[in-house]
There are 2 protein chains.
Amino acid sequence: MEKKLNILLAEDDDNLGQLLYTYLQSKGFAVTLARTGKAAYEKYNGNKTHFDFIILDVMMPEMDGFTLAKEIRELDKQTPILFLTAKALKEDKLHGFDLGADDYMTKPFSMEELLARITAIMKRVAPESRDVNESMFVGKIKYEPELSTLHLEDGVKKLTTKENQLLQLLVKNKNEILDRQATLRAVWGDDNYFNGRSMDVYIAKLRKLLKEDPSIEIMNIHGVGFKLIVKA
Amino acid sequence: MEKKLNILLAEDDDNLGQLLYTYLQSKGFAVTLARTGKAAYEKYNGNKTHFDFIILDVMMPEMDGFTLAKEIRELDKQTPILFLTAKALKEDKLHGFDLGADDYMTKPFSMEELLARITAIMKRVAPESRDVNESMFVGKIKYEPELSTLHLEDGVKKLTTKENQLLQLLVKNKNEILDRQATLRAVWGDDNYFNGRSMDVYIAKLRKLLKEDPSIEIMNIHGVGFKLIVKA
DNA sequence: TTCCACTGTTAAAAAAGGTTAAGCAATTTC
DNA sequence: GAAATTGCTTAACCTTTTTTAACAGTGGAA
């Protein structure tokens with residue numbers, strides 16, 4: 001059985017929101033609808049659901065679509081984002097693409113067109129699966145994020161919640177800089193000084209755990225963040 | 001024979017409440033009427049009835065409809081919720097609140113319209129998710145929530161009320177985080193320290209019961225809650 | 001070079017959770 | 001109606017996880 005794809009839909013207009021929700025659901029997606037940008041951000045970061053696709057209205061109360069996309073893109077450059085915009089202004093579109101948008105649509109649009117774009121984008125982007133059985137390799141070390149286990153030489157090591165969350169982000173941003181502040185907001189909820197120190201402690205823990213594979217390095221980018229480097 | 005659908009109706013106005021109650025019952029629904037938000041919450045969490053649909057008046061004493069909906073949604077993302085709201089209520093009040101994918105109706109409305117909405121929403125809700133409560137498998141272990149029985153290797157084990165409520169929530173949120181506080185409020189009525197410890201005791205009980213299937217794991221997410229994981 | 005914010009690391013303190021068993025009230029059984 | 005049983009809570013004790021502290025080392029701007 002094929003697993004349903006999760007879509008996060010942020011749309012403040014109730015009529016359009018309901019319409020899209022119902023339509024996408026009827027097409028076999030599991031849709032989560034948020035009425036504000038802030039609510040959408042919380043749902044995205046709430047680790048209850050993993051989303052495979054994100055649809056953002058540009059104009060929303062509390063947090064607009066662009067700001068939200070920027071926040072998401074700090075840590076997640078993968079998940080496709082599609083903007084819905086009322087304006088046909090060129091600037092808007094460009095702004096959207098600057099932020100790593102995969103596509104945009106100008107209202108009004110047809111449901112069929114939306115579906116076509118979603119499937120087109122999904123086809124060219126490998127959907128990162130979230131199976132509990134999913135496993136990957138960090139260098140030579142087997143890592144199962146959903147079970148939060150590392151398969152080390154001397155047996156299976158169960159990661160703590162924080163170790164696992166942090167390692168997931170590092171891996172997702174492998175060979176790229178993982179922004180310090182954004183990571184703190186996502187994992188610790190707040191980027192204050194003490195949480196920062198806590199994060200440094202966890203970086204040290206992870207370094208120790210991953211030490212058995214010398215091709216792995218967690219590098220510090222002074223004042224910016226960390227970078228997980230896996231040499232070929 | 002088709003099973004009657006259970007509707008939870010929370011309405012503090014006695015006239016409207018009775019009217020809706022009688023009408024919906026005449027249309028073949030099994031209706032449970034609550035006069036306050038708190039009463040509705042208790043009926044929802046009471047182990048007596050599983051509800052397929054929820055209708056909430058927004059303005060109610062003790063606990064308003066929005067707060068109630070939010071509380072319900074913490075643990076149950078499935079059951080459709082329809083709000084009844086007085087015309088006087090400002091549009092932005094609705095907007096400020098994140099309703100998720102739910103519907104709302106502005107008073108006064110016709111009975112027929114209400115019925116139409118209910119049937120429309122029920123039609124699009126996945127039918128499998130409707131009979132969550134019959135009998136199911138947790139890994140290899142047969143579980144009948146209605147009878148509160150687990151079919152283990154050495155016979156049928158009858159679960160206690162608390163064991164059953166907790167397991168039901170874990171199963172309903174399988175592979176997702178079951179929020180600690182929300183679970184405590186739902187099952188124990190209050191999320192104080194001692195109830196928390198009580199819950200930990202019950203988690204230990206359930207772990208022991210489910211131990212015979214090694215593919216089942218109740219994982220702790222530090223400071224957040226628990227997650228029932230069933231490996232393939 | 002010098003200074004100071006930033007990071008690395010280890011250890012101690014605090015908070016949260018795992019588990020077993022004792023306590024207690026309600027109910028059932030004899 | 002006393003005794004046993006049941007279901008849940010509270011206590012106790014221990015382990016794990018996370019945070020905070022302390023101190024030492026680093027890096028980049030002035």
Side-chain angles (χ1 to χ4, degrees), chain A residues 47 147-150 155-170 177-211 216-229, chain B residues 45-47 148-150 156-170 177-211 216-229:
Chain A
N47 31 359
L147 301 175
S148 70
T149 50
L150 274 184
V156 177
K157 162 77 184 172
K158 186 119 180 67
L159 298 177
T160 74
T161 306
K162 284 272 184 312
E163 286 167 350
N164 191 42
Q165 287 180 288
L166 188 52
L167 183 55
Q168 267 186 70
L169 286 181
L170 282 167
I177 295 176
L178 182 65
D179 184 82
R180 191 178 171 88
Q181 313 295 349
T183 304
L184 283 169
R185 284 194 295 274
V187 178
W188 274 265
D190 183 21
D191 60 358
N192 65 37
Y193 171 79
F194 287 108
N195 288 338
R197 299 309 341 240
S198 199
M199 172 166 156
D200 291 330
V201 170
Y202 275 91
I203 289 290
K205 282 178 201 285
L206 288 180
R207 282 190 181 125
K208 203 178 277 183
L209 284 170
L210 298 172
K211 199 158 50 189
I216 300 172
E217 185 191 349
I218 300 179
M219 179 190 282
N220 173 251
I221 316 296
H222 196 89
V224 183
F226 294 96
K227 191 159 148 184
L228 175 69
I229 296 177
Chain B
N45 279 322
N47 216 19
S148 69
T149 50
L150 274 184
V156 177
K157 162 76 184 172
K158 179 114 177 78
L159 298 176
T160 73
T161 310
K162 286 273 189 296
E163 286 167 349
N164 191 43
Q165 285 181 282
L166 188 52
L167 182 54
Q168 234 173 297
L169 286 181
L170 282 167
I177 296 175
L178 182 65
D179 184 84
R180 189 178 171 89
Q181 313 289 20
T183 304
L184 282 169
R185 287 193 294 273
V187 179
W188 275 266
D190 182 21
D191 60 358
N192 64 37
Y193 170 79
F194 288 108
N195 287 338
R197 301 304 308 167
S198 198
M199 171 165 157
D200 291 331
V201 169
Y202 275 88
I203 289 289
K205 282 178 203 282
L206 289 180
R207 282 194 180 122
K208 202 179 277 182
L209 285 170
L210 298 173
K211 198 158 51 190
I216 300 173
E217 185 190 348
I218 299 179
M219 182 189 283
N220 173 252
I221 315 296
H222 196 96
V224 183
F226 293 96
K227 190 160 147 185
L228 175 69
I229 292 181

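Because the structure is predicted, anything quoted here is derived from the model rather than measured. FYI, side chains are in, hydrogens and waters are out, and symmetry mates aren't considered; it's all heavy atoms of this structure. Chain letters run A, B, ... following the sequence lines, proteins first, then strands; residues in each count from 1.
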### Query
What is the distance from atom CG of A/Leu167 to atom OG1 of A/Thr160, rounded to the nearest 0.5 Å?
10.5 Å
### Query
For the pair made of CG in B/Asn164 and P in D/dG7, what is the distance, rounded to whole Å?
12 Å
### Query
Base, sugar-phosphate, or nothing for A/Asn220, non-hydrogen atoms under 4.0 angstrom?
sugar-phosphate
### Task
Specify the closest pair of heavy atoms between B/Trp188 and B/Met199, including all atoms of both residues, with the distance to one decimal.
CH2-CA, 3.6 Å
### Task
With heavy atoms under 4.0 Å as the rule, sort B/Tyr193 into base, sugar-phosphate or nothing.
nothing
### Query
So, the side chain of A/Ser148 versus the backbone of A/Asn164: is there a donor-acceptor pair under 3.5 Å, distance only?
no
### Task
Take atom CG of A/Asp191 and atom P of D/dT19, then tell me their distance rounded to the nearest Å.
14 Å
### Query
Tell me, which pairs form a salt bridge (Lys or Arg N to Asp or Glu O under 4.0 Å) where one or both residues lie in residues 156-166 of chain B, sequence neighbours left out?
none
### Query
Excluding sequence neighbours, so at least two apart, what forms side chain to side chain donor-acceptor pair (under 3.5 Å) with B/Arg185?
B/Glu71, B/Asp191
### Length of the OH-C1' vector between A/Tyr202 and D/dT20, whole Å
12 Å
## Note on the structure
In whole angstroms, the gap separating C1' of D/dG7 from CG of B/Leu159 amounts to 13 Å
### Task
Give a yes or no on whether the backbone of A/Asp190 and the side-chain of A/Asn195 come within a donor-acceptor separation of less than 3.5 Å.
yes
### Query
Expressed in angstrom and rounded to an integer, what is the separation of B/Glu163 atom CD from D/dT6 atom C1'?
11 Å
### Query
Hey, where on DNA chain C does chain B first and last touch, going 5' to 3'? Cut-off is any atom under 4.0 Å from a heavy atom.
C/dA16 to C/dT20
Pairs: protein N or O with nucleotides 27-30 of chain D N or O, under 3.5 Å:
none

Short N/O separations, protein against nucleotides 10-13 of chain D, under 3.5 angstrom:
from	atom 1	to	atom 2	distance (Å)
D/dA12	N6	B/Arg197	NH2	3.4

### Message
Suppose we screen for side-chain contact (heavy atoms from CB on, under 4.5 Å). Which residues come up paired with A/Arg197, at least two apart in sequence or across chains?
### Response
A/Tyr193, A/Asp200
### Query
Roughly, in whole Å, what's the span from CD1 in B/Ile203 to P in D/dT9?
14 Å
### Query
Does B/Trp188 make a side-chain N or O approach to OP1 or OP2 of D/dC8 shorter than 4.0 Å?
no
### Query
According to a strict under-4.0 Å criterion, is B/Thr161 in side-chain N/O contact with OP1 or OP2 of D/dC8?
yes
### Task
State, to 0.1 Å, how close B/Ile218 and B/Arg207 come at their nearest heavy-atom pair, and which atoms those are.
O-NH2, 2.9 Å
### Task
For B/Phe226 and D/dT16, give me the distance from atom CZ to atom C1', rounded to whole Å.
13 Å
### Query
Atom OG1 in A/Thr183, atom CG in A/Leu178: separation rounded to 0.5 Å?
3.0 Å
### Message
Taking the nucleotide of DNA chain C with the nearest heavy atom to each, does B/Lys208 or B/Gly225 sit closer to the 5' end?
### Response
B/Gly225
### Task
Can you see which heavy atom on B/Asn220 is nearest to which on B/Gly225, and at what distance?
ND2-O, 3.3 Å
### Message
Is there a side-chain contact between A/Lys211 and A/Lys208 in this structure, where contact means two heavy atoms from C-beta onward sitting under 4.5 Å apart?
### Response
yes
### Query
How many Å lie between NZ on B/Lys158 and C1' on D/dT5, as a whole number?
16 Å
### Query
Could you state the interatomic distance from CG (A/Leu228) to CG (A/Leu169), rounded to the nearest 0.5 Å?
11.5 Å
